[in-house]
Amino acid sequence: MNALFNNYSRRPISLVEGKGTIVKDSNGKSYLDFTSGIAVLCLGHSHPLLVKALQEQSEKIWHTSNLFDSPSQVKLAETLVKDQHLSHAFFCNSGAEANEAAIKMARKHTGKNHIITFENSFHGRTFGAMSATGQEKIHKGFGPLVDKFTYLPFNDVESLKQSIDDSVAAIMLEVVQGEGGVNPISEDFAAAIHEICSNNDILLIIDEVQTGIGRTGTRFAFEQTELKPDLVTMAKGLGGGFPIAGVLGTSELYDTFSPGSHGTTYGGNPLGVAVSQTVLDIVFEDSFLEEINEKANYLVNKLKETLPEEQFTVRGKGLLIGIDCGNIEVAPYIGEFEDNGLLLCGAGPNVLRLLPPLNVSYEEIDQAVDILKNVLVKQVNVQI
Ligand code: PLP
């Protein structure tokens, strides 16, 4: 027992330094980091341009609050909405907080409270975001939830159609459910949602906390679908490791939050904004996004060639990849991967989640797949 609360099941490894995809622990052992701090380190550890942006900004001004004008926040917002149907941004500090803002905005704008979300979704741990999350285990023990969330089966068009009535303010979803098992939205489900939202007074909130900022090979994952969100939430990759989050919305929502109706002291802090601007200047380049897709195809093909398809299903989008191991529980093997120099996380009981930095090298991908193969053969006794 130490002086921290017991709310995380921590691996017994203390990571002390990192460069790109490689991290070292306090004993000097190196690992390939295919967790990226749970999809946060989109440019890997200590990217020189992010270090420079943070250092330079730290010598100018750290914090101003939102009492004052912020041209750097405006520039960041403009970068995020460029060539999008979205037009405005609000900055905050975490994915849950971004989702809180989107839920509040949807309620205030529509004057309605009922929000449809999906089973196995994950939207965060604050009361609103937790209540939006369609997983009982996340709710357990915390008493009454925020009212009026309905959890429907994901990718089930019929159940969605049957649940639509005048009370629905918004539909909220992840384009690829990350924590819930790396489950991508199906084309027909996306088309049905688009039709429902277009034909009814129902807002679409897309939670891009995990999928956004290039993770799936486009700036945002919704760009690969028919979906046209009114609100998009983001965090994780947005700061490449520096905590910053945000909400993007359409011009119709501009007046929904009048001054004083919503805010956060640290939101759009100059340090976070400086780092985030540098992240976006790199990740939103077409050539960088193309490379993500090339690497993702390479990794997925290699996994499919290596892992027998009777036992393993590889799915996801871009560099958010799940290996569904069927009836194999993955938690007991995470330590074996670590012993062999590969950091991975799970997504639900049977899915291994691969979240390498977006600038991972082909050589690092080859090494990671070799480790995966060796551990599965030696420890799990899979015939490969
Ligand atoms: N939404 C999604 C899709 C997430 O994956 C997460 C975190 O994993 C969150 C929201 C919550 O973000 P945060 O932990 O920054 O509050």
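Indexing begins at 1, ligand by ligand and atom by atom, following the structure's order. Since this is a predicted model, take the numbers as computed values, not measurements.
For the residue pair E97 / T126, no side-chain donor-acceptor distance below 3.5 Å is found, with atom types taken as modelled. No hydrogens or angles considered: a donor-acceptor pair under 3.5 Å links the side chains of Q277 and D281.
Nearest protein heavy-atom contact of atom 5 (O) of ligand 1 is Q210 NE2, 2.8 Å.
Under the 4.5 Å side-chain heavy-atom criterion for grouping Ile, Leu, Val, Met, Phe, Trp and Tyr, V176 is not connected to M172 through any hydrophobic cluster. A single hydrophobic cluster is not seen to contain both L43 and V40; linkage of ILVMFWY side chains at heavy-atom distances under 4.5 Å, directly or through other members, places them apart.
Minimum heavy-atom separation, A132 to S121: O-OG, 3.8 Å.
Near A96, the atoms of ligand 1 lying under 4.0 angstrom from a non-hydrogen atom of the residue are 11 (C), 12 (O), 13 (P), 16 (O). Listed by atom number, the atoms of ligand 1 under 4.0 Å from V209 heavy atoms are 1 (N), 2 (C), 4 (C), 6 (C), 9 (C), 10 (C), 12 (O). Applying the 4.0 Å criterion to heavy atoms of D207 picks out, from ligand 1, the atoms 1 (N), 2 (C), 3 (C), 10 (C). Remark: ligand 1 atoms within the under-4.0 Å shell around heavy atoms of N99 are 1 (N), 10 (C). Heavy-atom contacts of S94 reach the following atoms of ligand 1: 15 (O), 16 (O) (cutoff under 4.0 Å).
Remark: aromatic rings of H123 and F118 are distant, center separation not under 6.0 Å.
Under the side chain to side chain contact (heavy atoms under 4.5 Å, CB included) test applied with S276, the options T79, L76, L271 reduce to a single match, L76.
Backbone and side-chain nitrogen or oxygen atoms of I38 are examined, and none is located within less than 3.5 angstrom of a nitrogen or oxygen of ligand 1. For ligand 1, the polar-atom distance check finds no N/O of E97 at less than 3.5 Å from any of the ligand's N/O atoms. Note: no N/O pair closer than 3.5 Å links E174 and ligand 1 by distance alone. Between G95 and ligand 1, at least one pair of N/O atoms sits closer than 3.5 Å. Note: an N/O pair closer than 3.5 Å links F122 and ligand 1 by distance alone.
At a distance under 4.0 Å, a protein heavy atom can be found next to atom 1 (N) of ligand 1.
Of the possible donor and acceptor atoms, none in the side chain of K24 sits under 3.5 Å from a partner among the backbone N and O of Y31.
The closest non-hydrogen atom to atom 10 (C) of ligand 1, taken over M234, H123, R125, E100, comes from H123.
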Test ring-ring contact (aromatic ring centres under 6.0 Å, His included) applied to H109 and F257, step by step: CA-CA 9 Å; H109 185 75; F257 281 169; over 10 Å; no
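Only the side chain of K236 comes within 4.0 Å of ligand 1, counting heavy atoms alone; its backbone N, CA, C and O stay farther away. Contact annotation: for T126 versus ligand 1, there are no heavy atoms closer than 4.0 Å.
Counting only heavy atoms from C-beta outward, the side chains of T133 and T117 never approach each other to under 4.5 Å.
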